[in-house]
Amino acid sequence: MQTLKTSASVQGNTLESDKMKAIVQDEYGSTDVLRLENVDKPVPQDNQVLVRVYASSVNAGDWHLMRGTPFLIRLMFGGILKPNIKTLGADVAGSVEAVGNDVTQFKPGDQVFGDVSEYGFGAFAEYVCVPQDALVLKPSTVPFAVAAAMPAAAMAALQALRDCGQIQPGQKVLINGASGGVGSFAVQIAKAFGTEVTGVCSTSKVEMVRSQGADHVIDYTKTDCTQAESQYDLILDAAAYRSVSDFLPALKPGGTYVMIGGATGSFFQAMLLGPWLAKRRGCNVKCLEMKPNHDDLVTVGELMVAGKIMPFIDRTFGLDEVPAAMRHVEQRQVQGKVVINIGEESPCTTAR
């Protein structure tokens, strides 16, 4: 019989309750398919950690999975006709409630954060079970809500700049979609690498992008960033709703264009035509395939503690308001991140 190491607060109390609240869906569609239900609480296996979720946040991947679009999403995550993933939510911040026998990195009571997307999602719930490698210790000075806004978006920005873009100090970097979740972290991380950063956004978000540390901000409603006199060593496209070829004249010879997210057509153009376009233009065209990993999560935590990155929290919602939060994100007017508060111990204050 499996035994669990548990915190004092759950011994003889919470673990006896086998139910929890979670947002679930049984079909693809609009936010109407999401509902709050009492479901079975997960039980950690030998290599797993049971986390009491205090906060999560919404990412573009959540509403893609909710709708099952583009169709490639269904192939990647299974569930051609109906979703295999019943509870969405990749980002998690909370407290360890119990650990399996083989867990060595954490003990009950530890405060943690992480990205659980590689292990079936499930953060839009009161509890989630994941292998220990999906989590790291949350800095004690960082509120749960702030930590929950970090993992997926900050790791995507880090990998896009460092791994795909091969960013170097002194470079000139253009970030399209600089006010979004990934884009706002990209501005901060690019500055941490010692580069000159230009952010692109709409009029209402110019001040927000400046507050993230951008050296220059282009309002795309007034100026076409691809037609400006400046050329860039690296272009990070976190809002790819234009043709890839539009951006290439703004690259210096040998420069790099990296696509993170945007329209499906733009993604496939970059993926399929990127090598040909790159050869023709004498540059590099890459698409980020973000892979959550423990080392990068540690790096995100270190950057957070050092004050080099911090989320801009647009709005907060309760667990029962996840459908409204998803609608808000789908409108593509969010500045930074949207946070989901879950439980009484999830203080949430807007950062920066």
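Remember, predicted model here, so these are calculated numbers, not experimental data.
A side-chain donor-acceptor contact under 3.5 Å links Gln188 to the backbone of Ser184. Remark: side-chain polar atoms of Asp314 are paired, donor with acceptor, to backbone N or O of Gln335 under 3.5 angstrom. With hydrogens and angles disregarded, a donor-acceptor distance shorter than 3.5 Å links the side chain of Gln231 to the backbone of Leu251. Checking side-chain atoms of Thr256 against main-chain N and O of Leu234 turns up no donor-acceptor pair under 3.5 Å. Between the Asn293 side chain and the Asp295 main chain, a donor and an acceptor come within less than 3.5 Å of each other. Checked by atom type and distance alone, the side chain of Glu196 never pairs as donor or acceptor with a backbone atom of Asp215 at under 3.5 Å. Between the side chain of Gln132 and the backbone N or O of Phe106, no donor-acceptor pair lies under 3.5 Å. Remark: side-chain polar atoms of Arg52 are not paired, donor with acceptor, to backbone N or O of Ser95 under 3.5 angstrom. Tyr257 contributes no side-chain N or O that, together with a main-chain N or O of Cys283, makes up a donor-acceptor pair within less than 3.5 Å.
Val128 and Phe121 make their closest contact through CG2-O, 4.0 Å (heavy atoms, listed as atom of the first residue, atom of the second, distance). The two residues Gly89 and Val116 have their closest heavy-atom pair at O-CG2, 3.6 Å. Nearest heavy-atom pair across Gly183 and Ile175 is O-CG2, 4.0 Å.
A cation-pi arrangement is absent between Arg162 and Phe193 under the rule of less than 6.0 angstrom and at most 45 degrees off the ring axis.
With rounding to the nearest 0.5 angstrom, the CH2 atom of Trp63 is 7.5 Å from the CZ atom of Arg332. Ile73 contributes atom CD1, which lies 9.0 Å from atom CD1 of Ile85 (distance to the nearest 0.5 angstrom). One distance of note links CD1 of Ile23 with CG of Asp62; it measures 11.5 Å at 0.5 Å rounding. Summarising the geometry, atom OG1 belonging to Thr69 is positioned 6.5 Å from atom NE2 belonging to His64; distances are rounded to the nearest 0.5 Å.
The existence of a salt bridge linking Asp163 and Lys291 is excluded, since no basic side-chain nitrogen approaches an acidic carboxylate oxygen closer than 4.0 Å.
By the 30° and 60° cut-offs, the orientation of the rings of Tyr54 relative to Phe144 is perpendicular.
Considering only heavy atoms from C-beta on, Phe124 stays 4.5 Å or farther from Val24 through its side chain. Two residues are said to be in side-chain contact when any heavy atoms from C-beta on lie closer than 4.5 Å; His328 and Val58 fail this criterion.
Transitive grouping of hydrophobic side chains (ILVMFWY, heavy atoms separated by less than 4.5 Å) keeps Val305 and Met150 in distinct clusters.
Summarising the local packing, CG of Leu75 is surrounded by more than 12 heavy atoms from other residues, nucleotides or ligands at distances under 6.0 Å. Around NZ of Lys107, the count of heavy atoms belonging to other residues, nucleotides or ligands within 6.0 Å does not exceed 12. Open room surrounds NZ on Lys21; 12 or fewer heavy atoms of other groups in view lie less than 6.0 Å from it. Heavy-atom contacts from other residues, nucleotides or ligands closer than 6.0 Å to OH of Tyr220 number 12 or fewer.
A side-chain donor-acceptor contact under 3.5 Å links Gln105 and Asp133. Side-chain N/O atoms of Asp102 and Asn47 include no donor and acceptor closer than 3.5 Å.
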Are Glu330 and Arg327 close enough, and set up right, to give a salt bridge (charged side-chain N to carboxylate O under 4.0 Å, His left out), and what steps lead you there? CA-CA 5 Å; Glu330 277 195 302; Arg327 285 194 294 272; over 6 Å; no
